[in-house]
Amino acid sequence: MDKFKIGTRVNIVIGDMKGLAGVITESDDITKTVYHVKIDGGKEEKIFLEHDLDYENILDTPIDELINSQICEREMKMTALLK
């Protein structure tokens, strides 16, 4: 499975949060594939392993969310480059 990038929309596929979706906000350790996910519709952020996540079906995502996600990812990359 490919590693998820910050800003990637994902579905949670395992555990008591199965069926929820969110956005990758941070990766703790690339070698362990541990990700922080901000859950849609809330302010909480949870930590998941890569095998707990799956790419969200892009066809089910409203176009404005896709655009906002792409803008967010671009802004994060720019911020990282400026540091």
Side-chain angles (χ1 to χ4, degrees):
M1 181 182 284
D2 291 348
K3 298 203 183 329
F4 298 105
K5 297 179 184 175
I6 292 173
T8 301
R9 290 194 52 75
V10 293
N11 289 322
I12 299 159
V13 296
I14 293 178
D16 60 346
M17 300 189 86
K18 182 177 180 176
L20 295 178
V23 175
I24 303 286
T25 59
E26 186 179 337
S27 176
D28 281 343
D29 182 344
I30 281 297
T31 60
K32 292 183 181 175
T33 60
V34 176
Y35 299 95
H36 292 245
V37 177
K38 183 172 182 185
I39 307 301
D40 290 349
K43 294 180 180 179
E44 71 178 317
E45 210 171 70
K46 296 283 185 176
I47 297 174
F48 295 93
L49 296 175
E50 184 175 23
H51 67 270
D52 295 336
L53 305 171
D54 194 11
Y55 290 100
E56 183 176 62
N57 183 348
I58 201 161
L59 298 175
D60 293 339
T61 305
I63 192 69
D64 61 332
E65 283 188 37
L66 290 174
I67 292 169
N68 288 340
S69 178
Q70 290 172 349
I71 290 170
C72 179
E73 186 174 351
R74 225 175 305 142
E75 287 175 352
M76 286 183 196
K77 286 179 183 176
M78 292 297 289
T79 301
L81 289 173
L82 294 174
K83 289 184 178 181

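Note: hydrogens, waters and symmetry copies are ignored here, and every other heavy atom, side chains too, is used. The model shown is predicted, which means the values in this text are computed figures rather than measured ones.
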What's the separation between atom [atom1] in [X] and atom [atom2] in [Y], rounded to the nearest 0.5 Å?
| X | Y | atom1 | atom2 | value |
| --- | --- | --- | --- | --- |
| Ile12 | Ile39 | CD1 | CD1 | 3.5 Å |
| Ile6 | Thr25 | CD1 | OG1 | 7.5 Å |
| Ile24 | Leu53 | CD1 | CG | 5.0 Å |
| Lys38 | Glu44 | NZ | CD | 10.5 Å |

In one Ile/Leu/Val/Met/Phe/Trp/Tyr side-chain cluster, 4.5 Å: Tyr35, Val13: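 No, Tyr35 and Val13 fall in different hydrophobic clusters.
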Verify same cluster id: Leu49, Ile47 (apolar side-chain graph, 4.5 Å):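 Same cluster: Leu49 reaches Ile47 through Ile, Leu, Val, Met, Phe, Trp or Tyr contacts under 4.5 Å.
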query: Step by step, would you call Met17 with Asp52 a side-chain contact (heavy atoms from CB on, under 4.5 Å)?
result: CA-CA 10 Å; Met17 300 189 86; Asp52 295 336; over 6 Å; no
- prompt: Quick one: does Val37's side chain get under 4.5 Å of Leu20's, heavy atoms only?
  reply: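 Side-chain contact under 4.5 Å: no.
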- prompt: If you look at every heavy atom in Arg9 and Val23, which pair is closest and at what distance?
  reply: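 Of all heavy-atom pairs spanning Arg9 and Val23, the closest is NH1-CG2, 3.4 Å.
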